[in-house]
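Working notes, beginning with the structure itself.
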Amino acid sequence: MRLSVLFPRSLRSAPAETDVAGHQLLLRAGYVRQLTAGIFSALPLGARALHRIEAIVREEMDAIGGQEVLLPVVHPAELWQQSGRWQAIGEELVRFRDRGGRDMVLAMTHEEVITDLARREITSYRQLPLCLYQIQTKFRDEPRPRAGLLRAREFAMKDAYTLDLDLAGLRVQYARHYTAYHRIFSRCGLTDLLAVESDAGMMGGTVAHEFMVPSPIGEDVLVVCDHCGLAANRQVARFVKPAPAAEAPAPLERVATPGAATIEDLTRLLGIGPERTAKVVFFSADLGPGAEPAASAAGAATSPGTARPAAREVLVMALVRGDMEVEETKLTNLVGARWLRPADSERIRAAGAEPGYASPVGLRPGAVMVVADDLVAASPNLVAGANREGIHLRNVNCGRDFEPDRVGDIAAAAAGAPCPRCGAALALRRGVEVGNIFQLGTRYSEPMGATYSDAEGVLHPVVMGSYGIGIGRILACVAEAHRDDRGLRLPLAVAPFAVHLVRLGGSSAEVDGAADRLVAELADAGVDVLDDDRDVAPGVKFADADLLGMPLRATVSPRSLAGGGVELRRRDADDSQVVALGGAAASVQGRLDELRAEAARLVVSPGYPAPGPG
RNA sequence: CGGGAAGUAGCUCAGUCAGGUUAGAGUGCACGGUUCGGGACCGUGAGGUCGGCGGUUCGAAUCCGCCCUUCCCGACCA
């Protein structure tokens with residue numbers, strides 16, 4: 001490829017549309033352009049890089065028995081109504097009607113379509129197990145796209161689905177994906193990777209892992225144990241809670257606490273530690289359309305329009321100890337809500353509580369769903385509000401003074417909390433989710449009726465798994481991880497071209513002759529070369545070579561020829577070497593082999609369960 | 001959806017507070033010349049519904065109102 005005709009030009013200054021360094025470089029170097037919020041065009045360099053990533057994904061998916069398919073982007077609403085997600089998913093699922101007035105959706109994932117295929121095509125146990133995958137566009141109308149390709153609304157995703165006879169079969173395929181995913185990410189140059197236990201979220205199912213690239217620009221908070229390797233998304237991370245004080249319940253007493261509406265004020269006023277208090281946080285929870293989440297209710301309960309059943313909102317009072325924070329995902333899962341949002345003061349007062357002085361003690365039964373963290377339930381003699389401004393209660397005891405509707409772990413793991421496995425101090429880290437794997441079980445096959453008959457002719461629901469990889473996110477993470485102040489520094493496996501050829505010295509016949517010969521020889525050898533044939537100053541060429549980020553630079557100039565031939569320089573090195581003109585192509589291949597060997601040493605394929613989750 | 005910031009040339013930005021000739025700079029682009037190993041230099045030129053609509057005013061990029069878009073923080077999220 002000649003740089004003189006490559007679309008588009010590089011930019012000298014970064015467009016002001018983000019402050020994420022890796023994304024700025026992808027913009028400046030001309031890999032991508034933003035069309036509108038969260039929607040991007042991949043330009044020639046970006047498209048090539050994405051294709052390189054996809055090729056790696058295909059190799060590894062094929063290696064574990066995956067069969068590639070290509071599924072539709074537009075689905076009839078019926079499928080999503082049958083799975084229940086037409087109701088369960090909010091505005092991020094784009095709905096529209098076709099000209100015939102049928103409700104349609106833009107695919108944000110493909111469990112429904114796969115399950116539909118399975119129920120039509122799979123009849124016998126002899127057809128299983130199966131692993132189908134595709135690389136295809138997803139659309140999710142994210143409320144807040146950010147950081148370029150990191151959180152886009154439209155993006156390419158590799159999604160795989162396994163179909164098995166039973167849980168044992170699912171576990172086998174799940175473990176294969178676990179290993180394959182490590183290989184995929186490490187081959188792409190994302191060698192710093194954590195597989196963490198995660199929330200199943202809208203996918204449903206039970207066991208799930210997310211593959212996280214640690215990075216300060218990440219949106220997820222990871223709880224990791226550097227001692228034993230345990231790692232989890234903070235949304236589900238367990239930790240050892242301190243033992244409650246060993247004392248007998250004391251009589252309840254009122255105490256005047258004017259102006260102490262926060263835990264901080266309260267502890268100062270009363271001279272106690274925050275661990276002696278109960279903190280109340282109110283949420284409005286949508287418990288969904290009703291008891292029937294799926295199949296039967298779906299079709300009938302939904303009006304022909306795009307309307308969805310109204311939210312069933314309840315006020316939730318979450319109780320954690322004063323020295324802890326509520327983890328909203330844990331709370332959401334415990335109460336079985338579709339979503340939570342902070343409750344407003346009006347709603348809180350209507351339930352008989354007083355913001356800042358709220359507690360479950362003496363509340364009208366049924367006015368609010370009281371959810372207590374297990375530590376609060378076990379802790380004696382806490383200070384809590386009296387539901388009257390300026391007054392708190394001492395010696396509040398769960399079970400005696402109030403009865404929670406739910407008790408469970410709803411507290412967020414904090415840095416330094418003991419690891420539930422080995423007891424060492426846990427650390428918090430931010431990460432970017434580049435992939436995830438879910439054991440769905442029969443979450444979709446049951447409501448949608450995807451069954452097979454076993455050897456005895458008995459029908460069973462197909463047992464499913466679902467496995468995603470964000471192709472664009474990989475590129476974004478690679479750009480973020482492999483760069484310096486001059487530009488990108490891409491790994492050979494992902495770079496659009498292996499070699500960036502810099503021709504200097506104007507239209508010197510000697511230079512062009514040597515460069516042309518090198519290009520031809522490399523082309524014969526199947527090496528992708530980006531040939532800077534432009535008539536611009538050397539500084540411009542070198543600056544662009546650094547910006548665009550190909551792993552190996554070859555310079556042909558009067559100076560290099562006088563020095564013996566072609567100058568080779570790795571993008572990640574400070575020094576260069578001149579190699580003989582005659583063997584230049586072989587020398588280039590030697591360097592590329594060297595890069596490949598280095599990368600190969602970084603490829604990991606851990607078995608499951610890995611050192612981490614357990 | 002809540003909070004904050006911004007929208008002026010392809011890109012990065014000044015100008016807006018305090019209304020007043022023909023709206024500027026850098027960079028990029030075109031042309032000519034010089035130069036040729038780290039975004040070099042000189043000259044000439046093209047390039048603008050000042051996000052949109054409405055209002056105030058003799059006069060609006062500038063003041064007021066409404067709207068749109070983008071970015072950041074939060075909420076949300078495979």
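In what follows, every chain begins at residue 1, and chains take the letters A, B, ... in the order their sequences are listed.
No donor-acceptor contact under 3.5 angstrom links the side chains of T36(A) and Q34(A), judged on distance only. Judged by distance alone, the side chains of T162(A) and Y174(A) never bring a donor and an acceptor atom under 3.5 Å apart.
Pair check for rG59(B) finds none; no Watson-Crick or G-U wobble contact set falls under 3.5 Å. With both pairing distances under 3.5 Å, rA46(B) is matched to nothing as a Watson-Crick or G-U wobble pair. The partner of rG19(B) cannot be assigned: no Watson-Crick or G-U wobble pair with both contacts below 3.5 Å exists in any strand. When Watson-Crick and G-U wobble pairs are counted only if both distances are under 3.5 Å, rG74(B) pairs with rC1(B). Shown here, rC36(B) forms no base pair; nothing in the strands shown gives a Watson-Crick or G-U wobble contact with both key distances under 3.5 Å. Taking a pair to require two hydrogen-bonding distances under 3.5 Å in either a Watson-Crick or a G-U wobble arrangement, rU27(B) pairs with rG10(B).
Nucleotides rG7(B) and rA14(B) have their P atoms positioned 7 Å apart, rounded to a whole Å.
In this structure, the nucleotide among rC36(B), rC11(B), rC13(B) sitting nearest to the side chain of P15(A) is rC11(B). Distance from the side chain of D546(A) is smallest to rG38(B) among rG38(B), rU12(B), rC71(B). Nearest nucleotide to the P143(A) side chain, out of rA75(B), rG37(B), rC29(B): rA75(B).
Counting to the nearest Å, the P atom of rC77(B) and the CD atom of E154(A) are 22 Å from each other. D535(A) has its CG atom 13 Å from the P atom of rU35(B), to the nearest Å. Summarising the geometry, the separation between CG on D220(A) and P on rC76(B) is reported as 13 Å, rounded to the nearest angstrom.
Across the interface with RNA chain B, nearest-nucleotide mapping of L504(A) and E219(A) shows L504(A) to be the residue nearer the 5′ end. Between G470(A) and R9(A), the residue anchored nearer the 5' end of RNA chain B, judged by the nucleotide with its closest heavy atom, is R9(A).
Under 3.5 Å, the side chain of R146(A) and the base of rC72(B) form no donor-acceptor pair of N or O atoms.
OP1 or OP2 of rU70(B) lies within a sub-4.0 Å distance of a side-chain N or O belonging to T36(A).
Within 4.0 Å (heavy atoms only), R28(A) reaches at least one base atom of the nucleic acid. Using a 4.0 Å heavy-atom cutoff across all strands shown, F211(A) reaches no nucleic acid atom at all. Counting non-hydrogen atoms under 4.0 angstrom, R553(A) reaches a base of the nucleic acid. Looking at heavy-atom distances under 4.0 Å, R569(A) makes contact with a base.
Judged by distance alone, the side chain of S445(A) and the main-chain N or O of V462(A) form a donor-acceptor pair under 3.5 Å.
Proximity of K158(A) to M61(A): side-chain heavy atoms (C-beta onward) are separated by under 4.5 Å at one or more points.
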